[in-house]
J.: 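I'd like to ask some things about the structure below.
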2 protein chains.
Amino acid sequence: MTDKLTLDEIAKRAGVSRTTASRVLNDGPNVRPEVRERVQRVIAETGYRPHPVAQSLASQQSHVIGLVLPRRTEALFNDPYFPRLTQGIAQACNDHDYTLALFLMQTEADEEKFYPRISRKGLLDGIVIQVGQIGDGLIARLLTSDVPTVVAGRPLNHPNASYVDVDNVAGACAGVTHLLQLGHNRIGMLTGDMRTTAALDRYTGYCEALQAHDLPVDETLVSEGYFTEIGGYEAMQRLLPHKPDAIFSASDAMALGALRAIYEAGLTVPHDIALVSFDDLPPATIARPQLTTVHQPVDAFGVKAVEMLLDVMKNGPTPPRRIIMDTKLVIRQSCGAVS
Amino acid sequence: MTDKLTLDEIAKRAGVSRTTASRVLNDGPNVRPEVRERVQRVIAETGYRPHPVAQSLASQQSHVIGLVLPRRTEALFNDPYFPRLTQGIAQACNDHDYTLALFLMQTEADEEKFYPRISRKGLLDGIVIQVGQIGDGLIARLLTSDVPTVVAGRPLNHPNASYVDVDNVAGACAGVTHLLQLGHNRIGMLTGDMRTTAALDRYTGYCEALQAHDLPVDETLVSEGYFTEIGGYEAMQRLLPHKPDAIFSASDAMALGALRAIYEAGLTVPHDIALVSFDDLPPATIARPQLTTVHQPVDAFGVKAVEMLLDVMKNGPTPPRRIIMDTKLVIRQSCGAVS
DNA sequence: GTAGGAATTGGAAGCGCTTCCAAAACTGTG
DNA sequence: CACAGTTTTGGAAGCGCTTCCAATTCCTAC
């Protein structure tokens, strides 16, 4: 009785051709209202749902977008940034009726295994790839593949890449300038992983702010560490002997670690050391004192990335698109400007 | 010249039929070694990669697994638990050559939009769904759909569901028993969201431990809150007036909030209040003092869920599978047992 | 040298849908 | 009422692969 429910079956029951049934299914034009309604009723009655894979094959688009997170495991899911980014992208996909496929490339073997699958037209209509470490070849490969790709974060040496990024330079500059204006002049920096453009750019912003105030960059006050609590903790420990009077941290998570190191040294924030960081994610308001931090719009970032991808998918990769999103300094307690 | 690279084209170039080419592609049997090699060489030379969607349609399996996280946004990506779970599941998918599709159902509209797509055989070969709040209808719908489904966490009122969970009752019981053995007798609990089985089960474990020591459960010492830092903070504030001498927290994140509330009240951990929590995720070692906590194997949990799903996909949903994973109490500073 | 069985091969029928294109059915105009 | 133009319809050709099954080839044993 209940034959396998295919579009053919629907067409038969509604007394139309499969072509017409397909038109109704996809809200296509050129169907008499009366016929359309009849087909719709049959669809509703039978609970018919089209086979997504068959649709994909015939229409040559899968309605699936891939999010590729390259290997850089240290911070990947410790830093609240990535979950948040993922969430933003997932939401944007939902809103645009795309399904999100997640590729966590944890090892090189993973990359080799999945590259053939995802770089080929078919499975994915488009790819959002998060920038990883500088020199990571995956971006280059994906950018030259058949699949439309946009990059989340600024990729190095890919002039034709479309990407969205936040203005890390200006954001960091604003954060450091704030500390300068509060009268600090031994401002240290916790940079994050310098193999990433985010760290590089924030460091550039730090330098620019100092130079704008005619201060030299003292390399002994600059300390690198992963973008994690532990990374910040260790980097801060290395910095303490050089007696900074303020710290700019490249992320909230690192700032948490820095706070810990500072307290363990018997110092307090903001009294002995003022602190400004970057992100404005949950750790910023959980910390005590609450963090003065450069807010970056992570959710909107994900949304923009997806929208840019949709644009590239529709209109081709040229010209390369660029979106640099603004940041905003959020003043709380850790800088000492307010109590 | 370069015709579209299909299996037909490969077959032609290798001088075999498409059938044979397909056999080589899928490492099927019954191909003469010499022929196999010839086809493989053509594949390698041309860089041919099969069209995944066409394979899916023909073979009736997509090699895609869906991870569904139902709406419960408060904690979803603040609690480090979910990112970690996602990571474990993603890794397991990679290892088994499955692609992971992520469904974050943030609104009811999202559910309605995606339910038809995912509940229909085709897009997904199987689903791992994280339990949400009790009474959430999504699990029920998915369990009766065409798609093999396993649940991460214990679902309520679904006797036929296959699921994997950690032994929340025993874990909580062990944590509380530890506090009892240290001589505490006004042990409070921060339960987490009582609309989840995890919170209920941990609460049950708490009660069991008390009862085993002939202590009554004092409801004024039990405080509910979301599974987040803020949730723990607020729940702890409500508890402080009742002067507990120890706290069992249903999650590390909540314990962080509890610590904050305790310090703000001018008390110290473990001196004034001993603290044991649940999870053993990064917050546990970041906190000061470090948290004594009930370790749950989140990564392995994801792996088990995927493996169970693969089993259900292969051998059918009956009988329902159950895996309850062991926890282990990790003793650090917050309980006062060691310094 | 030949029968019987196993290993190898390819033809052809799908998988369930979209879409091109030509045919059929209307519309209005002179 | 015929005709050109517009809508509406359905036939049929794919999309790129898997897989059933029958045909062919290859062995081995007698």
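The shown structure was predicted, so the numbers you read here are calculated from the model rather than taken from an experiment. Just so it is clear, the values below take in all heavy atoms, side chains as well, and ignore hydrogens, waters and symmetry mates. All chains are named by letter (A, B, ...) in the order of the sequence lines, taking the proteins before the strands, and each is independently numbered beginning at 1.
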J.: With B/Arg120, which residues qualify under side chain to side chain donor-acceptor pair (under 3.5 Å), at least two apart?
T.: none
J.: Check DNA chain D against residues 54-66 of chain A and give the residues with a non-hydrogen atom under 4.0 Å, in numerical order.
T.: A/Leu57, A/Ala58, A/Gln60
J.: Closest approach of A/Gly153 and A/Pro155, non-hydrogen atoms and distance?
T.: O-CD, 3.2 Å
J.: Would you say A/Ser56's side chain and A/Pro52's backbone share a donor-acceptor pair under 3.5 angstrom?
T.: yes
J.: Do any side-chain nitrogens or oxygens of A/Tyr48 fall under 4.0 Å of OP1 or OP2 in C/dC17?
T.: yes
J.: What integer distance in Å separates A/Asn26:CG from C/dG16:P?
T.: 17 Å
J.: Under a 4.0 Å N-O cut-off, is there an ion pair linking A/Glu45 with A/Arg38?
T.: no
J.: Measure CG/A/Leu7 against C1'/C/dC15 and give the value in whole Å, please.
T.: 14 Å
J.: If you look at every heavy atom in B/Gly47 and B/Leu5, which pair is closest and at what distance?
T.: C-CD2, 4.3 Å
J.: Whole angstrom is fine here: how far is it from CG in B/Leu25 over to C1' in D/dT19?
T.: 14 Å
J.: Under the side chain to side chain contact (heavy atoms under 4.5 Å, CB included) criterion, do A/Val68 and A/Ile118 qualify, and how do the steps go?
T.: CA-CA 10 Å; A/Val68 176; A/Ile118 67 181; 4.1 Å; yes
J.: So which atom in B/Val131 and which in B/Pro70 form the shortest heavy-atom distance, rounded to 0.1 Å?
T.: C-CG, 4.2 Å
J.: Rounded off to whole Å, could you give me the NE2-to-C1' distance for the A/His51 and C/dT18 pair?
T.: 15 Å
J.: The criterion is side-chain contact (heavy atoms from CB on, under 4.5 Å); which residues satisfy it with A/Arg117, sequence neighbours excluded?
T.: A/Phe114, A/Leu123, B/His63, B/Thr99
J.: What does nucleotides 4-11 of chain C look like as a protein-contact string, B for base, S for sugar-phosphate only, - for none, at under 4.0 angstrom between heavy atoms?
T.: ---SBBBB
J.: Take the C1' atoms of the five end pairs on each side of the helix from C/dG1-D/dC30 to C/dG30-D/dC1, derive the two axes, and give their angle rounded to 10 degrees.
T.: 40°
J.: Run the side chain to side chain donor-acceptor pair (under 3.5 Å) test against B/Ser162 and tell me which residues pass, sequence neighbours left out.
T.: none
J.: So is B/Arg321 actually on top of B/Tyr163's ring, under 6.0 Å and inside 45° of the axis?
T.: no
J.: Side chains of A/Arg49 and B/Ser119: do they bring a donor and an acceptor to under 3.5 Å?
T.: yes
J.: Rounded to whole Å, please give me the gap between CG in A/Leu5 and C1' in C/dG16.
T.: 12 Å
